[in-house]
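Residue numbers start from 1 in every chain, and the chains themselves are labelled A, B, ... in the order their sequence lines are given, proteins ahead of strands.
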Number of protein chains: 2
Amino acid sequence: MYGSANVSERQSQAPALAISTVIFALRTDPSSGRSEIWLPLVRRIRQPHLGKWALPGGPLGARESLQDAASRNLRDTTALDPTYLEQLYAFGGLDRSATQRLVSIVYWALVRPDQADLARDSENVRWFRAAEAVGLAFDHDEIVAYALERLRGKVTYGSVAYHFLGDRFTLAQLRGVYEAVLGKHLDPANFRRQLRSAQDIAATDEVLQGGRNRPPRLYRYTGPHSGAPAPGTSTSGAEPPTAPAS
Amino acid sequence: MYGSANVSERQSQAPALAISTVIFALRTDPSSGRSEIWLPLVRRIRQPHLGKWALPGGPLGARESLQDAASRNLRDTTALDPTYLEQLYAFGGLDRSATQRLVSIVYWALVRPDQADLARDSENVRWFRAAEAVGLAFDHDEIVAYALERLRGKVTYGSVAYHFLGDRFTLAQLRGVYEAVLGKHLDPANFRRQLRSAQDIAATDEVLQGGRNRPPRLYRYTGPHSGAPAPGTSTSGAEPPTAPAS
DNA sequence: CTTGTTAGGGTCAGAATGACTATAACTCAC
DNA sequence: GTGAGTTATAGTCATTCTGACCCTAACAAG
């Protein structure tokens, strides 16, 4: 039933199960002032792929849910709490690791820029521009590319962009997120019009002082905050995914 | 954090890994003529949940990819090949199974109605209306509900409905799929207009004879056929997911 | 007070959408 | 064979959404 393959060669043990996490944060380029997507990677300190950069991850603890394990990845590498955490995909190809059969359940997370600035680089943890994160260990190049694709999808459908920002933000900052994620320029006026009709965003009565131009109004996100779209199983907040697209 | 349960009893071994598959097929109600979504379930022949109905599934073979394992589930329970197969979600809650820690990577599949009619029920395999598939073993109720939600999402975004049908189909049949999945009536004229501007559907020069009304034209699906949106890893056809919304 | 720059309001044409009407082409009852 | 019933298919019309564009408001810097 398992085909003609000779099974005795490989370890016929159960495949190893690991949790990895793609952590996206926003950073502002000091020179251009544009927002960019960054992510932290950890250096491999053992074989295989020793010395290469890889997504933070590790085995699944016997007493933690998948999401808790991803959360722990996030804390361990960046000392941050996620503002957004969602399952990305389960990767289980036969040739992912040369040494053993490995199935990785990958999560992706968003953190706020103010938090990301706190998380300093260390010897074995470094932040990379998402576009420049290539040559990673295992199949992590593909995983990052897929996570970016999912991020673009979620942003265009319009639910997660807020989670990159603090609790008060200007529309220009929010537009910067969209432009960084989608990689294209957006018309400020049309962008404003669309977001005025959006559900989970509300204008405050404050403005941002201190800039050199007209002070922009500050807005607030009113939707589900640590939103993690996941079917019921998990112990933490279970909330049906806001479906359409994907 | 883990509640009042006595945890020391649990096996602290690595979690068991299983693959399950939600298989959707279309059936036409003989009386009303309307299309409905059905799925096959298998009866549990061992503890836990002995005697209850459950999603087809089983352990992951050491030498098969995740997708291959899901394909095998499909063949074993229905003797069918999938026209569409995609990963749904990885479920890993702590309390999914009373006897052991169990992580299930769930796939969902679409099969054609002509094929589904061939797959007869047996003692331990029975087809259920999707809406009536409740009271299942484990957390499979939630999994089915989530799969239906994903199905609705994919249909509205408009890529998978064809996979329910044969290689030639009328627009009325296709509309029946949409109506069965979305659970609402669609205007035939507007539906036609939208699909004429759709990419991967083309009119043939044939019409369907034998009905009692004006013979409808037959259409053909020209897009990616055994489409399985999955990031690069898998050994089989890797094709980027058509993003938005998932 | 002038200039440069961004915030924020508006207009206008084209595209997409939903509700609806009209005609075509077939079967069936009689 | 003729009319009734039913579905296929085309078209119309008002509303909404979208992208491109313009204009004024409000600030800082010189």
Just the table, please: protein N/O against nucleotides 25-29 of chain C N/O, every pair under 3.5 Å.
residue, atom, partner, partner atom, Å
C/dT27, O4', B/Arg212, O, 2.4

Taking N or O atoms only and anything under 3.5 Å, show me the protein contacts with nucleotides 16-21 of chain D, one pair per line.
residue, atom, partner, partner atom, Å
D/dG19, N7, A/Arg193, NH2, 2.7
D/dG19, O6, A/Arg193, NH1, 3.0
D/dA20, N7, A/Asn190, ND2, 2.9
D/dA20, N6, A/Asn190, OD1, 3.1

Set of residues satisfying side-chain hydrogen bond (donor to acceptor under 3.5 Å, both in side chains) with respect to A/Asp200, sequence neighbours excluded: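 Residues passing side-chain hydrogen bond (donor to acceptor under 3.5 Å, both in side chains) with A/Asp200: A/Tyr162.
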Residues passing the side-chain hydrogen bond (donor to acceptor under 3.5 Å, both in side chains) test with B/Arg193, sequence neighbours excluded, are B/Asn190
What is the distance, to the nearest angstrom, from the [atom1] atom on [X] to the [atom2] atom on [N]?
{"X": "B/Leu171", "N": "C/dA24", "atom1": "CG", "atom2": "C1'", "result": "16 Å"}
{"X": "B/Arg175", "N": "D/dT6", "atom1": "CZ", "atom2": "P", "result": "15 Å"}
{"X": "A/Leu208", "N": "C/dT5", "atom1": "CG", "atom2": "P", "result": "19 Å"}
{"X": "B/Arg192", "N": "D/dG11", "atom1": "CZ", "atom2": "P", "result": "12 Å"}

Please list, in numerical order, the residues of residues 196-204 of chain B that have a heavy atom closer than 4.0 Å to any atom of DNA chain D.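 Those residues are B/Arg196.
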Just to verify, what does A/Ser35 make a side-chain contact (heavy atoms from CB on, under 4.5 Å) with, not counting sequence neighbours?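 Listed in chain order: A/Leu26, A/Thr28, A/Ala180.
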Out of A/Thr21, A/Leu74, A/Leu110, which one pairs with A/Pro82 under the side-chain contact (heavy atoms from CB on, under 4.5 Å) rule? A/Leu74
In sequence, state the C-alpha distance, the side-chain angles, and the governing distance for B/Asp68 and B/Ser65, and then conclude on side-chain hydrogen bond (donor to acceptor under 3.5 Å, both in side chains). CA-CA 5 Å; B/Asp68 288 345; B/Ser65 72; 3.3 Å; yes
Are the ring centres of A/Trp53 and A/Phe128 closer than 6.0 Å? yes
Checking A/Tyr84, A/Phe24, A/Phe169 against A/His163 for ring pair (Phe, Tyr, Trp, His ring centres under 6.0 Å), the one that qualifies is A/Tyr84
From B/Glu149 atom CD to B/Leu151 atom CG, the distance as rounded to the nearest 0.5 Å: 11.0 Å
